[in-house]
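Take a look at the structure set out below.
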Amino acid sequence: MSIFSYNGAAIVAMAGKECVAIGSDLRFGVQLQTITCDTPKVFKVHDKLYLGLSGLQTDAQTLYQKLMFRHNMYKLREERDMKPSTFSNMLSNALYERRFGPYFAAPVVAGLEPDGTPFLSGMDTIGAVETAKDFMITGTSPDSLYGMCESMWRPDMEPDELFETVAQCLMSGSDRDALAGWGAVIHVITKDKVISRTLKTRMD
């Protein structure tokens, strides 16, 4: 079994009209043994920027703490929050620094740029960045998630429709993966607020 599927995860980020949504399942397990059902894999950086981390959960939490330290230092120095595109580059740099002993975490960055443009990016363990205008996926259930997202995503969705789309994609995709699921949480980031909702899914 790959180290990336040791804990299991399903993370989806999707762009809408001046809004962006990111969600993850809530299962934390050790291979096929479920430990808890209240462990989100999406972390808040600030009100306009969220980070999803799949892979080995210990590495994901360590990486998140290091990134928050760097973001807080940037905020102290610049007196402003980091833009999602800037954060993505900083994250890529942090991963490449550790390329000979990498963090076993696959990140997805989702946020709104200062002009309201959605920003989505994903990368591998050594920081090779890929951006997208529609959606980004990471975790142990990419096959079923890609199919759902490709069939359901469309441009310029409003926040409520974007939430519904991400919810249906995430629930349908993670239900087909034994290593993910058992509940989900979704954050919809708009210009003036963040809407967070927890979903009940199949618990078997």
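Because only heavy atoms are used, hydrogens play no part in the values below, and waters and symmetry mates are left out as well, while side chains stay in.
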Option from F119, F43, F87 for which side-chain contact (heavy atoms from CB on, under 4.5 Å) with L49 holds: F87
side-chain contact (heavy atoms from CB on, under 4.5 Å) partner of Y6, the single match among L56, T58, T140: L56
Looking only at heavy atoms, which two atoms of [X] and [Y] are closest? And how far apart?
{"X": "L199", "Y": "A167", "answer": "CD1-CB, 3.7 Å"}
{"X": "I3", "Y": "F104", "answer": "CG2-CD2, 3.6 Å"}
{"X": "T125", "Y": "A105", "answer": "CG2-O, 3.9 Å"}
{"X": "M152", "Y": "Q168", "answer": "CE-CB, 3.7 Å"}
{"X": "P40", "Y": "V185", "answer": "CB-CG1, 3.7 Å"}
{"X": "A21", "Y": "V166", "answer": "CB-CG2, 3.8 Å"}

Heavy atoms of other groups near E78 CD, more than 12 under 6.0 Å: yes
salt_bridge(K48, E113) N-O dist < 4.0 Å: no
R70/E97 ion pair, N-O < 4.0 Å: yes
For [Y], does its backbone N or O pair with a side-chain atom of [X] as donor and acceptor, under 3.5 Å?
{"X": "N89", "Y": "S85", "value": "yes"}
{"X": "Y50", "Y": "A13", "value": "no"}
{"X": "T190", "Y": "K193", "value": "yes"}
{"X": "T201", "Y": "G183", "value": "yes"}
{"X": "S88", "Y": "P84", "value": "no"}
{"X": "D25", "Y": "A180", "value": "no"}
{"X": "S151", "Y": "M148", "value": "yes"}
{"X": "T86", "Y": "M82", "value": "no"}
{"X": "N7", "Y": "V30", "value": "no"}

Euclidean distance, [Y] [atom2] relative to [X] [atom1], rounded to 0.5 Å:
{"X": "I35", "Y": "W182", "atom1": "CD1", "atom2": "CH2", "answer": "10.5 Å"}
{"X": "E164", "Y": "E158", "atom1": "CD", "atom2": "CD", "answer": "14.5 Å"}
{"X": "M14", "Y": "F163", "atom1": "CE", "atom2": "CZ", "answer": "12.5 Å"}
{"X": "S196", "Y": "I186", "atom1": "OG", "atom2": "CD1", "answer": "10.0 Å"}
{"X": "I22", "Y": "L120", "atom1": "CD1", "atom2": "CG", "answer": "8.0 Å"}
{"X": "R176", "Y": "D143", "atom1": "CZ", "atom2": "CG", "answer": "12.0 Å"}

Evaluation steps, side-chain contact (heavy atoms from CB on, under 4.5 Å), between H187 and R197: CA-CA 7 Å; H187 309 280; R197 294 186 177 105; over 6 Å; no
Donor + acceptor pair across side chains of S54, T138 (<3.5 Å): yes
Within the 4.5 Å heavy-atom criterion, are [X] and [Y] side-chain neighbours or not?
{"X": "V188", "Y": "V194", "result": "no"}
{"X": "K75", "Y": "R80", "result": "no"}
{"X": "R27", "Y": "T39", "result": "no"}
{"X": "L67", "Y": "L51", "result": "yes"}
{"X": "V12", "Y": "C149", "result": "yes"}
{"X": "I11", "Y": "I137", "result": "no"}
{"X": "L26", "Y": "T198", "result": "yes"}
{"X": "L95", "Y": "I126", "result": "no"}

Indicate if [X] and [Y] have the same hydrophobic cluster label, given that clusters are the connected sets of ILVMFWY residues with side-chain heavy-atom separations under 4.5 angstrom.
{"X": "Y103", "Y": "M68", "result": "yes"}
{"X": "M136", "Y": "V42", "result": "yes"}
{"X": "Y64", "Y": "M90", "result": "yes"}
{"X": "L162", "Y": "L145", "result": "yes"}
{"X": "L170", "Y": "Y146", "result": "yes"}

Chi angles and distances behind the side-chain contact (heavy atoms from CB on, under 4.5 Å) call for E79, L76: CA-CA 5 Å; E79 298 183 352; L76 283 169; over 6 Å; no
By side chain to side chain contact (heavy atoms under 4.5 Å, CB included) - contacts of D38 (at least two apart): T36
Step-by-step side-chain contact (heavy atoms from CB on, under 4.5 Å) determination, Q61 to L63: CA-CA 5 Å; Q61 290 177 3; L63 179 59; over 6 Å; no
